[in-house]
2 protein chains.
Amino acid sequence: MNFDNTAPIYIQIMNLIKKDIILGRMQLGEKLLSTREYAQNLKVNPNTMARVFNELEREGVTFTKRGVGTFITESEEKVERLKKEMAEDIVRNFIEGMLELGFNFNDMIELIKHRLEKEAVQ
Amino acid sequence: MNFDNTAPIYIQIMNLIKKDIILGRMQLGEKLLSTREYAQNLKVNPNTMARVFNELEREGVTFTKRGVGTFITESEEKVERLKKEMAEDIVRNFIEGMLELGFNFNDMIELIKHRLEKEAVQ
DNA sequence: ACTAGTGTACCATATAGATAGTGCACTAGT
DNA sequence: ACTAGTGCACTATCTATATGGTACACTAGT
């Protein structure tokens, strides 16, 4: 993994796992890799992964069976809410930033369209 | 000022000043407040403001006259480039985030429209 | 010459994040 | 009963931020 320095690594890993859940790459109730396996795969410290699991459980995204492992929530509704929250965060950040720079709705659409076309070419 | 904890304070202050320049709230070549004045106004440490000035100069946004003060760049072209870069950063973050969550162009437009309408009401 | 104001360079401290390592209680499978 | 694997708790160290404080060279205006 290549982490950037704009956010703590444990936050970035949390978002990775959340996206896996939202996009259906992990099923409801499925067991996650262990902290030690994740730590090895992502080349981070086991303590960092422990923090990730702690926070994910605190947010209700996962639940823990002591001595067994950590599992994705079984609530479809929670996953839906998670996706909605993540999308709203991104949208809000985008709109606030663009308004502060003096762009209006049409400017936003044009910039997005332009950017998507450029990506499609590459 | 109310700073959030998602980014270092000195970064947030840099963005404040950049926006002042981009939106024309500060003129080209205009003298900035001193580090001590900024520190008092924003209730941060003078050392933090010193770092802000250092980074802004490193990015070419400002220039320094030793013993006199720090001034906005006089290059209209640099300001234009700055605005473009900041906008592109925001747009790229938005698009990457939304694509990773499984949204397409039309979804993005709809979410932005919806969010703007909700803000207009409030 | 003097003074006030400027950026700048230090030193020290505190906190959050990340790393490294050890150990323990619990669980499932044998 | 035993063992491997699990989450979890602990201690320690390191770095980046942020704060608090002091001091110095430079500049403009008097």
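These values consider heavy atoms only, across backbone and side chains, with no hydrogens, waters or symmetry-generated copies. Just so it is clear, the model here is predicted, and its values are computed rather than measured. Within every chain, numbering begins at 1; the chains are lettered A, B, ... in the order of the sequence lines, protein sequences first and strands thereafter.
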- request: Compare all side-chain heavy atoms of A:Met86 with those of B:Leu101 and state whether any distance is below 4.5 angstrom.
  value: yes
message: Which nucleotide, if any, forms a Watson-Crick or G-U wobble pair with D:dG20, using both distances under 3.5 Å?
response: C:dC11
message: In whole Å, I'd like the distance from the CE atom of A:Met49 to the P atom of C:dG21.
response: 18 Å
field: Mate of D:dT6 where both pairing distances stay under 3.5 Å, Watson-Crick or G-U
entry: C:dA25
Between P of D:dG29 and NZ of B:Lys65, the distance in whole Å: 11 Å
statement: Contacts of A:Ile11 and A:Arg66 projected onto DNA chain C by closest heavy atom; the upstream (5') one is A:Ile11
task: Provide, to the nearest angstrom, the distance between the CG atom belonging to A:Asn45 and the P atom belonging to D:dA12.
output: 17 Å
message: Closest approach to the side chain of B:Pro8, judged atom by atom: which nucleotide of C:dT8, D:dC8, D:dT17 is it?
response: D:dT17
field: Side-chain H-bond candidate by donor/acceptor type, A:Glu57 with A:Thr62, under 3.5 Å
entry: no
- prompt: Counting any heavy atom closer than 4.0 Å, what does A:Thr64 reach on the DNA or RNA strands: base, sugar-phosphate only, or nothing?
  reply: sugar-phosphate
- prompt: Taking 4.0 angstrom as the limit, do A:Arg115 and A:Glu119 come out as a salt bridge?
  reply: yes
- request: Report the distance from atom CZ of A:Phe71 to atom P of D:dG5, rounded to the nearest whole Å.
  value: 16 Å
task: May I have the distance from B:Arg36 (atom CZ) to D:dA23 (atom C1'), rounded to whole angstrom?
output: 10 Å
statement: A:Phe3 atom CZ is separated from C:dA18 atom C1', nearest whole Å, by 12 Å
- request: Could you tell me how the ring of A:Phe53 sits relative to the ring of A:Tyr38: parallel (under 30°), tilted (30 to 60°) or perpendicular (over 60°)?
  value: perpendicular
query: Looking at B:Phe103, does the NZ or CZ of A:Lys83 lie under 6.0 angstrom from its six-membered ring centre and within 45 degrees of the ring axis?
result: yes
query: Phosphate oxygens OP1/OP2 of C:dG5: is one of them under 4.0 Å from a side-chain N or O of B:Ser34?
result: no
field: Short side-chain N/O contact to C:dG7 OP1/OP2 from B:Thr70, under 4.0 Å
entry: yes
query: Does B:Asn47 make a side-chain donor-acceptor contact with the base of D:dG20, cut-off 3.5 Å?
result: yes
Shortest side-chain distance from A:Val68, nucleotide among D:dA28, C:dA28, D:dC8: C:dA28
task: Indicate whether OP1 or OP2 belonging to C:dG7 is found under 4.0 Å from a side-chain N or O atom of B:Thr35.
output: yes
- line: Of D:dT17, D:dA28, C:dT8, the nucleotide closest to the side chain of B:Tyr10 is D:dT17
query: Nearest-Å distance, CZ (B:Arg51) to C1' (D:dT19)?
result: 13 Å
query: Taking the side chain of B:Ile9 as its heavy atoms from C-beta onward, which of C:dG7, D:dA18, D:dG7 lies nearest to it?
result: D:dA18
field: Salt-bridge criterion met for A:Glu117 and A:Lys113 (N-O under 4.0 Å)
entry: no
- prompt: Between B:Leu32 and A:Val44, which has a closest nucleotide on DNA chain C that is more 5'?
  reply: B:Leu32
query: C:dA16 base to B:Asn5 side chain: any donor-acceptor pair below 3.5 Å?
result: no
message: Please determine whether any donor N or O and acceptor N or O are separated by less than 3.5 Å between the side chain of B:Asn54 and the base of C:dG7.
response: no
message: Rounding to an integer number of Å, can you tell me how far A:Lys43 NZ sits from C:dA18 P?
response: 18 Å
